[in-house]
Amino acid sequence: MTATEPATGTDLLDAVADLGAALRQSLEASTSTTASAAQLREAAAGIRAATAPLAALPRPYDKLPAVDDMARAVRVFNPVVGVGSGVAVPLDLRPDPAGGGVVARAALGQRYEGPPTFLHGGISALLMDQVLGHAAIAANRWGMTVGLDVRYRRPVPLHVTVRLAGRVAAIDGRRTTVVGTIAADDAPDVALVEATAVFVSPSPEVAARYFAGVRTASGEQVSGRVGTG
Ligand SMILES: CCCCC/C=C\C/C=C\C/C=C\C/C=C\CCCC(=O)SCCNC(=O)CCNC(=O)[C@H](O)C(C)(C)COP(=O)(O)OP(=O)(O)OC[C@H]1O[C@@H](n2cnc3c(N)ncnc32)[C@H](O)[C@@H]1OP(=O)(O)O
């Protein structure tokens with residue numbers, strides 16, 4: 001592409017993903033470097049200089065990014081799956097070929113460390129909330145998390161490929177119960193983390209109240225889509 005092409009569609013998404021990857025590399029390097037104080041200060045100045053032109057062009061937080069695709073539940077800055085997010089893994093969730101639900105594989109880096117060399121338990125909970133939420137969406141049962149129970153059986157090692165999976169276990173009115181696990185990819189039957197989440201699809205009145213002001217990039221209201229997955 002040339003510099004004069006409009007930054008829309010795929011090109012904008014590519015650029016968003018490129019910046020997201022750079023941010024994640026930066027976060028990972030910052031938490032795993034032995035650089036000197038002078039080197040760290042130089043890096044901080046460079047990052048601040050790179051940030052200024054972005055901060056000068058803010059997007060209102062009730063206007064969705066142009067790169068989001070709500071119809072397919074693609075949220076590009078989501079802090080777990082978003083390719084544009086510096087804090088996201090990002091997880092690449094796909095339908096689980098082995099019997100319904102969704103699955104992703106990832107090796108988690110030092111930026112997510114809790115106990116030395118292991119994953120922070122709060123990050124495990126965050127990942128499970130998202131994985132289980134997508135399992136609900138995959139079953140056309142979008143809802144908001146009203147409960148999340150996490151059991152930590154064994155610590156999750158960093159830098160080792162793990163398998164994160166979720167599947168719908170029960171449906172009851174607007175309530176969807178979803179279960180899932182985090183396990184080493186080479187021992188998928190030994191759960192390191194087990195999670196159960198309950199998602200509730202908001203009533204149309206509540207959804208309208210919560211999301212009335214939210215607009216897509218082209219100005220459409222999104223509240224009518226709540227609960228449709
Ligand atoms: C912007 C538009 C959105 C468009 C959506 C489209 C696509 C989505 C796109 C991308 C999404 C991508 C990924 C998402 C995946 C996961 C991400 C994590 C999700 C979250 O990060 S989300 C934030 C944290 N989450 C909250 O912030 C919720 C706070 N909460 C509430 O806002 C209300 O709770 C609400 C609105 C949920 C329900 O309110 P409401 O008024 O509509 O419904 P009501 O209270 O009547 O409950 C109805 C039935 O659920 C039962 N029930 C209620 N609570 C229960 C509980 N704790 N345990 C068991 N059952 C429970 C009742 O007992 C009743 O059951 P019954 O009918 O049998 O009596």
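Counting starts at 1 for both ligands and their atoms, following the listed order. We count residues from 1, following the sequence as given. Basis for what follows: all heavy atoms, side chains included, without hydrogens, waters or symmetry-related copies.
- Atoms CZ and CG, on R105 and L93 in that order, are 11.5 Å from each other to the nearest 0.5 Å.
- Within ligand 1, the atoms closer than 4.0 Å to a non-hydrogen atom of S203 are 42 (O), numbered from 1 in the order shown.
- Only one option out of L91, L132, V131, D96 pairs with V102 in a side chain to side chain contact (heavy atoms under 4.5 Å, CB included); it is V131.
- Summarising the contacts of atom 10 (C) of ligand 1 with R209, R75, R72, M70, the nearest heavy atom is found in R75.
- Among Q221, M144, E205, R174, the residue whose heavy atom sits closest to atom 40 (P) of ligand 1 is R174.
- No side-chain heavy atom of T177 sits under 4.5 Å from any side-chain heavy atom of D172.
- Close N/O approach between S201 and ligand 1 is not found [any backbone or side-chain N/O within under 3.5 Å].
- Polar contact check, Y210 against ligand 1: a nitrogen or oxygen pair lies under 3.5 Å apart.
- We find the CZ-CD1 distance between R163 and I182 to be 12.0 Å, quoted to the nearest 0.5 Å.
- Those atoms of ligand 1 with a heavy atom of G133 less than 4.0 angstrom away are 15 (C), 16 (C).
- The ligand atoms of ligand 1 that sit less than 4.0 angstrom from a heavy atom of I137 are 11 (C), 12 (C), 13 (C), 14 (C).
- Residue contacts with ligand 1: Q130 is placed with no nitrogen or oxygen under 3.5 Å of a nitrogen or oxygen of the ligand (distance criterion only).
- Nearest to atom 26 (C) of ligand 1 by heavy-atom distance, out of V206, V80, T145, is T145.
- Remark: ligand 1 and R175 share an N or O pair separated by less than 3.5 Å (distance only, no angle test).
- Under the 3.5 Å distance criterion, the side-chain polar atoms of R24 are matched with a main-chain donor or acceptor of V83.
- Under a 4.0 Å criterion applied to the non-hydrogen atoms of P202, ligand 1 contributes the atoms 36 (C), 42 (O).
- Close approach of ligand 1 to A73 (heavy-atom distance below 4.0 Å) involves ligand atoms 9 (C), 10 (C).
- Here the side chains of F199 and D129 are in contact, with some heavy-atom distance below 4.5 Å.
- Ligand 1 has no N or O atom lying under 3.5 Å from any N or O atom of W142, backbone or side chain.
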**Item:** Step-by-step side chain to side chain contact (heavy atoms under 4.5 Å, CB included) determination, R141 to V168
**Value:** CA-CA 9 Å; R141 297 281 304 177; V168 170; 5.5 Å; no
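- With rounding to the nearest 0.5 angstrom, the CD atom of E28 is 13.0 Å from the CG atom of L23.
- Annotation: V146 places an N or O atom under 3.5 Å from an N or O atom of ligand 1; distance criterion only.
- Of all the listed residues (V200, D68, D129), V200 holds the heavy atom that lies closest to atom 47 (O) of ligand 1.
- Within 6.0 Å of atom CZ in R151, 12 or fewer heavy atoms from other residues, nucleotides or ligands are found, so the atom counts as exposed in its surroundings.
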**Request:** Apply salt bridge (charged side-chain N to carboxylate O under 4.0 Å, His left out) to D68 and R75, showing your working.
**Result:** CA-CA 5 Å; D68 272 7; R75 306 228 48 214; 3.0 Å; yes
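- Near V222, meaning under 4.0 Å from any of its heavy atoms, are these atoms of ligand 1: 1 (C), 2 (C).
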